[in-house]
Protein chains: 2
Amino acid sequence: MDKFDKKILTALHENARISYAELARRVNLSAPAVADRVEKLEHAGVITGYHARINPAKIGYPIQGLIELTVKHQDYYIVMEQLGTMPEILECFSVTGTSGLLLKVAVHSMPDLQALIARLMQYGDTKTSIVIDVPVPLRMPEVVETE
Amino acid sequence: MDKFDKKILTALHENARISYAELARRVNLSAPAVADRVEKLEHAGVITGYHARINPAKIGYPIQGLIELTVKHQDYYIVMEQLGTMPEILECFSVTGTSGLLLKVAVHSMPDLQALIARLMQYGDTKTSIVIDVPVPLRMPEVVETE
DNA sequence: CCTGAAATCATTGGCGG
DNA sequence: CCGCCAATGATTTCAGG
């Protein structure tokens, strides 16, 4: 993980669709060299994917929420299975503390949010917040050069 | 937003680095046609970016946390400014409820987490959870076809 | 939205540090 | 091991229909 890898990660985090040729120009290496490094970063698990970021509000999901779900321990695996079947759930974190799970969700309407909460309440207590704004949209940790 | 746009969004969410040629094959359109549609989706704000997903644990940030920050109202804009200067903060949501802000953070070590919390406590009460696992890594809302 | 041509890019193999 | 160069095949892009 040197300064080249650092620049590669930064550039691909900023725009994952740039060509190897363009990436090569930005980091001052040849295209085969950067392609090689990118492949190594993928294989090492540093880069785990490339994703288009889609604005939920523009495709019919104007309401985003965060739901803390306090699951009874014996239901944990049943819940995890169920979460996979609910398309409104965009992301899920298993966390320490009483709640156990934090879900990021997007829904069409308030009644839909209510229905989702009702469904989740089968598995434990819920505490819901509505997302008003996302002031820091997405950032990458500062890469620490090694070796 | 028809079935072609839906397929385009799904494919680019799954892998943002595929070529227009490959995308064209998957949706049964020509490469110029898909390139045109993608540009329109970007310009319409449906696609807001393409990002490499980087595993924080592999670049020196093994600990991820979620911090609820209850900001005193008069400090809100000062806090927002400060958050932009803290590289450990990966994402920030402004939410309803008492806490007001939810921060997703990644740090090198527990002492670093403690230091970050200490810094944030200047601006309000904090409640920190450690992320144990991310069972649903990232999903896209189901696209609803219109027109 | 498609086709087709020209420019650009990706990918491979071989060479040199 | 790592990166560069060169050549081939694929892709992007633009024109015209």
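The sequence lines fix the lettering, A, B, ..., with proteins before strands; numbering per chain opens at 1. All figures in this text were calculated on a predicted structure; none of them were measured in a lab.
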Distance-only donor-acceptor pairs under 3.5 Å for side chains of residues 123-134 of chain B, two or more places apart:
none

Under 3.5 Å, side chain of [X] to main-chain N/O of [Y], donor-acceptor pair present?
X       : Y        : result
B/Tyr61 : B/Val105 : no
A/Thr48 : A/Gly45  : no
B/Asp36 : B/Glu39  : no

Under 3.5 Å, sequence neighbours excluded: what are the donor-acceptor pairs made by side chains of residues 20-35 of chain B?
residue: B/Glu22; atom: OE1; partner: B/Arg25; partner atom: NE; Å: 3.3
residue: B/Glu22; atom: OE1; partner: B/Arg25; partner atom: NH2; Å: 3.1
residue: B/Glu22; atom: OE2; partner: B/Arg26; partner atom: NE; Å: 2.9
residue: B/Ser30; atom: OG; partner: B/Ala33; partner atom: N; Å: 3.4

Any side-chain heavy atom of A/Leu120 sitting closer than 4.5 Å to one from A/Leu116?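 A/Leu120 vs A/Leu116: side chains touch.
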With heavy atoms of chain A within less than 4.0 Å as the criterion, where does contact along DNA chain C begin and end?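 With heavy atoms of chain A under 4.0 Å away, the range is C/dC9 to C/dT12.
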Spacing of B/Leu12 atom CG and A/Arg17 atom CZ [to the nearest 0.5 Å]: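 Taking CG in B/Leu12 and CZ in A/Arg17, the distance rounds to 5.5 Å.
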Working to the nearest 0.5 Å, report the span between CG of A/Leu69 and CE of A/Met121.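 The distance works out to 11.0 Å.
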Estimated bend of the helix from C/dC1-D/dG17 to C/dG17-D/dC1 (axis per five terminal pairs, rounded to 10 degrees):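 Rounded to the nearest 10 degrees, the bend comes out at 30°.
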So if I take residues 17-32 of chain A and measure heavy-atom distances to DNA chain C, which residues fall below 4.0 Å?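 Under 4.0 Å from DNA chain C: A/Ser19, A/Tyr20, A/Ala21, A/Arg25, A/Pro32.
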NZ (B/Lys7) with more than 12 external heavy atoms under 6.0 Å: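 Yes, because the 6.0 Å sphere around NZ of B/Lys7 holds more than 12 heavy atoms from other groups.
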According to a 4.5 Å side-chain heavy-atom criterion applied to Ile, Leu, Val, Met, Phe, Trp and Tyr, with indirect links allowed, do A/Leu102 and A/Met86 form part of one hydrophobic cluster?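 No; tracing contacts between hydrophobic side chains, which count when under 4.5 Å, never links both residues.
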Which residues in residues 36-53 of chain B have a heavy atom closer than 4.0 Å to any atom of DNA chain D?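 Under 4.0 Å from DNA chain D: no residue of residues 36-53 of chain B.
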Looking only at heavy atoms, which two atoms of A/Glu145 and A/Asp2 are closest? And how far apart?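 A/Glu145 and A/Asp2 have their closest heavy atoms at CG-C, 4.0 Å.
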Heavy-atom closest pair, residues A/His13 and B/His51: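 Looking at all heavy atoms of both residues, the shortest contact is O-ND1, 2.8 Å.
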